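Here the structure comes first, spelled out in structure tokens, and everything after it is commentary.
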Amino acid sequence: MTTVKAFQLVGYQKPPELREIPIPEPGPGQVLLKIGGAGACHSDLHLMEAPAGSKAFPFPFTLGHENAGWIEKLGPGTTGFAPGDPVIVYGPWGCGLCMNCRVGKENYCHNPGDIKAGGLGADGGMAPYLLVPSTRFLIPLGTLDPRDAAPLSDAALTSYHAVKRSLHVLGAGSTAVVIGAGGLGQMAIQVLRALSGATTVIAVDTSAEKLAIAKRMGADEVLVSGDEAVRRIKDITRGLGAELVLDLVGVKPTLTLAAQVARVLGHLTIVGLGSAALPVNFQGPAKECSVASPYWGYIPELMEVVDLAQAGKIKMLVEHFPLERASEAYHLLHDGKIQGRAVITPNG
Ligand SMILES: [Zn+2]
Ligand SMILES: [Zn+2]
């Protein structure tokens with residue numbers, strides 16, 4: 001049996017390990033993908049640090065839930081793709097049969113026990129090959145390079161979904177605040193620029209370096225997190241606050257700031273996994289401000305994200321790492337030293 005190296009999570013609060021696994025064989029309807037890139041996501045860090053018994057994941061499994069590559073082999077009876085086709089993988093794999101799955105919202109499958117994401121419980125893309133259970137999770141990449149496109153499937157899709165669901169509050173003269181200018185934030189800024197050209201986009205972060213990138217990505221104003229940022233956002237919005245506030249961090253200071261700058265009838269959207277609590281009662285946030293915590297995005301939205309990338313309207317800053325340096329990539333991510341997205345390239 002031929003084996004390959006895979007970067008696997010072996011348990012909670014244990015460092016991931018490079019382990020030997022067999023190359024999977026695609027069954028009927030399945031596809032074997034040769035991985036171009038697998039993004040290293042902040043949520044993996046949360047997973048590694050989670051207390052024992054947090055979620056019933058079957059260890060060990062291969063990390064990497066942000067995947068793109070080329071079709072290597074089709075299982076018996078699998079059609080619609082040919083070996084060599086560049087594709088990106090939709091991450092949350094639902095049952096395929098419930099109402100939400102049938103409209104492409106597999107991230108909200110009615111049978112949550114059936115959601116198996118490669119890299120989050122099932123084997124993911126930090127290995128030379130990834131077994132994808134169905135062609136419905138594959139979107140053609142056209143001229144995009146899978147090594148650079150991988151983050152579109154999570155960093156971009158998650159931001160895109162969070163912005164798109166709030167487009168109706170972003171009319172002319174509106175303001176959107178993006179808290180956290182890392183990989184997701186940089187995407188959110190570009191998506192806001194692409195979908196809502198008349199919106200003033202304000203980025204908030206603690207890192208001057210990330211704010212400089214945010215500016216390059218199209219933010220109109222960049223602010224260092226803190227009380228002064230709150231005052232400035234109030235100034236810009238004539239005291240009303242922003243129509244949309246995206247918190248891509250989710251820790252106490254960012255949620256506090258978000259609640260201070262979201263306006264009446266606005267949207268406060270928590271995407272970050274910081275897991276601090278936001279007090280919501282009659283006193284705050286602002287009246288009729290909707291608070292939501294979306295998870296990932298829909299299959300048709302991933303197609304739209306790929307279209308935006310192909311049109312050159314969104315672009316991820318990508319730093320490539322060979323599989324042997326996956327552990328280092330996560331350490332850099334943990335220390336805030338990755339400017340955009342770290343992408344593991346198991347096939348070079
Ligand atoms: Zn992720
Ligand atoms: Zn379903």
Side-chain angles (χ1 to χ4, degrees), residues 1-10 16-41 43-44 47 57-76 78 80-94 96 106-107 115-141 144-157 296 299 302 306 318 320-324 326 329-330 341-348:
M1 190 168 51
T2 326
T3 60
V4 287
K5 286 228 182 325
F7 191 63
Q8 295 200 313
L9 204 56
V10 294
E17 296 172 10
L18 266 181
R19 304 174 79 240
E20 291 285 336
I21 59 161
I23 298 175
E25 183 62 30
Q30 301 182 331
V31 178
L32 187 68
L33 205 66
K34 183 179 179 185
I35 289 292
C41 178
S43 63
D44 295 329
L47 201 61
F57 278 145
F59 296 111
F61 64 87
T62 307
L63 284 166
H65 58 267
E66 207 178 60
N67 304 308
W70 303 269
I71 305 283
E72 175 74 11
K73 190 176 179 186
L74 301 172
T78 306
F81 291 89
D85 285 354
V87 292
I88 190 162
V89 183
Y90 176 76
W93 302 336
E106 300 217 14
N107 53 327
I115 300 185
K116 287 181 189 55
L120 294 168
D123 280 338
M126 293 195 182
Y129 300 98
L130 169 70
L131 186 67
V132 180
S134 167
T135 50
R136 74 176 192 277
F137 303 126
L138 301 177
I139 312 293
L141 274 176
L144 297 173
D145 183 338
R147 281 166 296 201
D148 298 327
L152 296 176
S153 74
D154 179 13
L157 175 58
W296 229 321
I299 293 175
L302 181 56
V306 169
V318 166
H320 293 131
F321 293 81
L323 194 57
E324 293 68 30
Y330 278 108
R341 205 63 155 173
V343 171
I344 311 303
T345 53
N347 289 294

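What you see is a predicted model, and the numbers here were worked out from it, not measured in a lab.
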Practice task
Show your reasoning for whether side-chain contact (heavy atoms from CB on, under 4.5 Å) applies to Leu63 and Tyr330.
Solution key: CA-CA 11 Å; Leu63 284 166; Tyr330 278 108; 4.2 Å; yes
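- A pairwise comparison of heavy atoms in Gln30 and Thr78 identifies O-OG1, 3.1 Å as the closest pair.
- Remark: Phe7 CZ to Glu17 CD distance equals 9.0 Å, nearest 0.5 Å.
- The shortest side-chain heavy-atom distance between Glu25 and Leu131 does not fall under the 4.5 Å cut-off.
- Ion pairing between a basic and an acidic side chain is recognised when a charged N comes within 4.0 Å of a carboxylate O; Glu324 and Lys5 show no such pairing.
- For the pair Phe59/Leu9, a side-chain contact is recorded, criterion being any heavy-atom separation below 4.5 Å from C-beta on.
- Counting heavy atoms from C-beta outward, Ile21 and Thr3 have side chains that stay 4.5 Å or more apart.
- Side chain of Thr345 to backbone of Asn347: no donor-acceptor contact under 3.5 angstrom is found.
- Between the CH2 atom of Trp70 and the CG atom of Asp85 there is a distance of 12.5 Å, given to the nearest 0.5 Å.
- Residues Thr135 and Val31 are in side-chain contact: their nearest non-hydrogen atoms beyond the backbone lie under 4.5 Å apart.
- Asp154 CG to Tyr90 OH: the interatomic distance, rounded to the nearest 0.5 Å, is 11.0 Å.
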Problem - Full working for side-chain contact (heavy atoms from CB on, under 4.5 Å) between Ile71 and Leu33 - result: CA-CA 5 Å; Ile71 305 283; Leu33 205 66; 4.2 Å; yes
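- Side-chain contact check for Lys34 versus Lys73: every heavy-atom pair is 4.5 Å or farther apart.
- Arg136 and Gly96 make their closest contact through NH2-CA, 3.1 Å (heavy atoms, listed as atom of the first residue, atom of the second, distance).
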Atom pairs and distances, donor-acceptor, side-chain atoms in residues 116-130, under 3.5 Å, two or more places apart:
{"unit_1": "Asp123", "atom_1": "OD1", "unit_2": "Thr62", "atom_2": "N", "d": "2.9"}
{"unit_1": "Asp123", "atom_1": "OD1", "unit_2": "Thr62", "atom_2": "OG1", "d": "3.3"}

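- Residues Leu302 and Leu152 approach most closely at CD1-O, 3.7 Å, considering heavy atoms.
- Atom CZ of residue Arg341 and atom NE2 of residue His320 lie 13.0 Å apart, to the nearest 0.5 angstrom.
- For the pair Phe81/Pro140, a side-chain contact is recorded, criterion being any heavy-atom separation below 4.5 Å from C-beta on.
- Here the shortest heavy-atom pairing between Val318 and Pro151 reads CG2-CG, 4.1 Å.
- Going from atom CG of Leu32 over to atom CG of Leu74 covers 9.5 Å, rounded to the nearest 0.5 Å.
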Exercise for the section: Under the side-chain contact (heavy atoms from CB on, under 4.5 Å) rule, what do Ile23 and Thr2 come out as? Steps first, then yes or no, please. Expected result: CA-CA 7 Å; Ile23 298 175; Thr2 326; 4.2 Å; yes
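- Heavy-atom minimum distance, Ile88 versus Ala150: CD1-O, 4.0 Å.
- Among all heavy-atom pairs drawn from Phe137 and Pro92, the shortest one is CE2-O, 4.2 Å.
- No side-chain donor-acceptor contact under 3.5 Å links Asp148 to the backbone of Asp145.
- Counting only distance, with no hydrogens or angles, the side chain of Glu66 and the backbone of Ala155 share a donor-acceptor pair below 3.5 Å.
- Using a 4.5 Å heavy-atom cutoff, the side chains of Asn67 and Ser153 are not in contact.
- Proximity of the aromatic rings of His65 and Trp296 is defined here by a centroid distance below 6.0 angstrom, and this criterion is met.
- Between Ile299 and Glu106 there is a side-chain heavy-atom pair separated by less than 4.5 Å.
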